[in-house]
Amino acid sequence: MQRVILIWIGIEFSDLYIGDKIQAYEYVESGFEELYSAYPLLYNDELVALAFEVDEGCCQISTDLAAKIDDASVSKLSLVYDLSSIYLFDGTE
């Protein structure tokens, strides 16, 4: 909980903006299955949170995965899950 509080200290909420939608997929034997969509919440060009669509018009906000994505410095990406991990896919191999 402490980390979450520190992320939001000093952020001017009126300066947050929403980035391009991130799609998440699961890799299964037959190919890729769509899991969910998320929207990056950015402040000063830094990814501070992800808004996950949970119902039409409703989102859940999370900072955990956002911090890992921001550390990777990838701008256009999809998330790919398999049985053991999650990967950032930027369209290159």
Side-chain angles (χ1 to χ4, degrees):
M1 185 67 165
Q2 182 70 21
R3 182 178 173 277
V4 172
I5 293 169
L6 293 175
I7 287 172
W8 299 106
I9 291 176
I11 289 180
E12 185 65 44
F13 285 92
S14 62
D15 291 335
L16 281 173
Y17 61 96
I18 300 171
D20 295 331
K21 180 167 62 171
I22 297 172
Q23 199 62 50
Y25 302 92
E26 180 177 19
Y27 180 73
V28 294
E29 192 172 301
S30 61
F32 292 95
E33 293 182 3
E34 191 173 318
L35 290 177
Y36 62 82
S37 298
Y39 294 90
L41 301 179
L42 301 138
Y43 180 74
N44 289 337
D45 294 324
E46 181 180 336
L47 180 61
V48 293
L50 290 174
F52 296 94
E53 289 182 307
V54 291
D55 278 325
E56 190 170 319
C58 296
C59 291
Q60 178 180 343
I61 307 298
S62 174
T63 57
D64 292 338
L65 189 53
K68 292 175 183 169
I69 293 171
D70 194 49
D71 288 345
S73 300
V74 178
S75 58
K76 299 279 185 183
L77 63 99
S78 293
L79 303 172
V80 178
Y81 292 81
D82 68 8
L83 291 175
S84 62
S85 297
I86 181 172
Y87 304 91
L88 300 178
F89 179 68
D90 65 359
T92 61
E93 294 194 32

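Here the structure is a predicted model, which is why all the values come from computation and not from measurement. Numbers here simply count residues along the sequence, with the first being 1.
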For this session: Name all residues meeting the side-chain contact (heavy atoms from CB on, under 4.5 Å) criterion together with A66; count only those two or more places apart in sequence or in a different chain, and write none if there are none.
Result: L47, L50
Problem set entry | Nearest non-hydrogen partners of P40 and A38, listed with the distance | CD-O, 4.0 Å
For this session: Evaluate the side-chain proximity of V80 to I86: yes if any heavy-atom separation is below 4.5 Å, no if none is.
Result: no
For this session: Taking the side chain as every heavy atom from C-beta outward, state whether L42 and L16 have any atom pair closer than 4.5 Å.
Result: no
Problem set entry | Same cluster (ILVMFWY, side-chain, under 4.5 Å), L79 and V28 | no
For this session: Go through the steps to decide whether D45 and Y17 satisfy the test side-chain contact (heavy atoms from CB on, under 4.5 Å), and finish with yes or no.
Result: CA-CA 9 Å; D45 294 324; Y17 61 96; 2.6 Å; yes
Exercise. Could you state the interatomic distance from CZ (F52) to CD1 (I22), rounded to the nearest 0.5 Å?
Worked result: 8.0 Å
Exercise. Passes side-chain contact (heavy atoms from CB on, under 4.5 Å), N44 versus D15? Steps please.
Worked result: CA-CA 8 Å; N44 289 337; D15 291 335; 5.8 Å; no
Problem set entry | Hphob cluster co-occupancy, V54 + I61, side-chain heavy atoms under 4.5 angstrom | no
Exercise. Got a second to check how far Y27's OH is from F89's CZ, nearest 0.5 Å?
Worked result: 12.0 Å
Seminar exercise, completed: Nearest heavy-atom approach of L65 to S62 is N-OG, 4.4 Å
Problem set entry | E53: side-chain contact (heavy atoms from CB on, under 4.5 Å) partners, not counting sequence neighbours | S37, Y39, C59
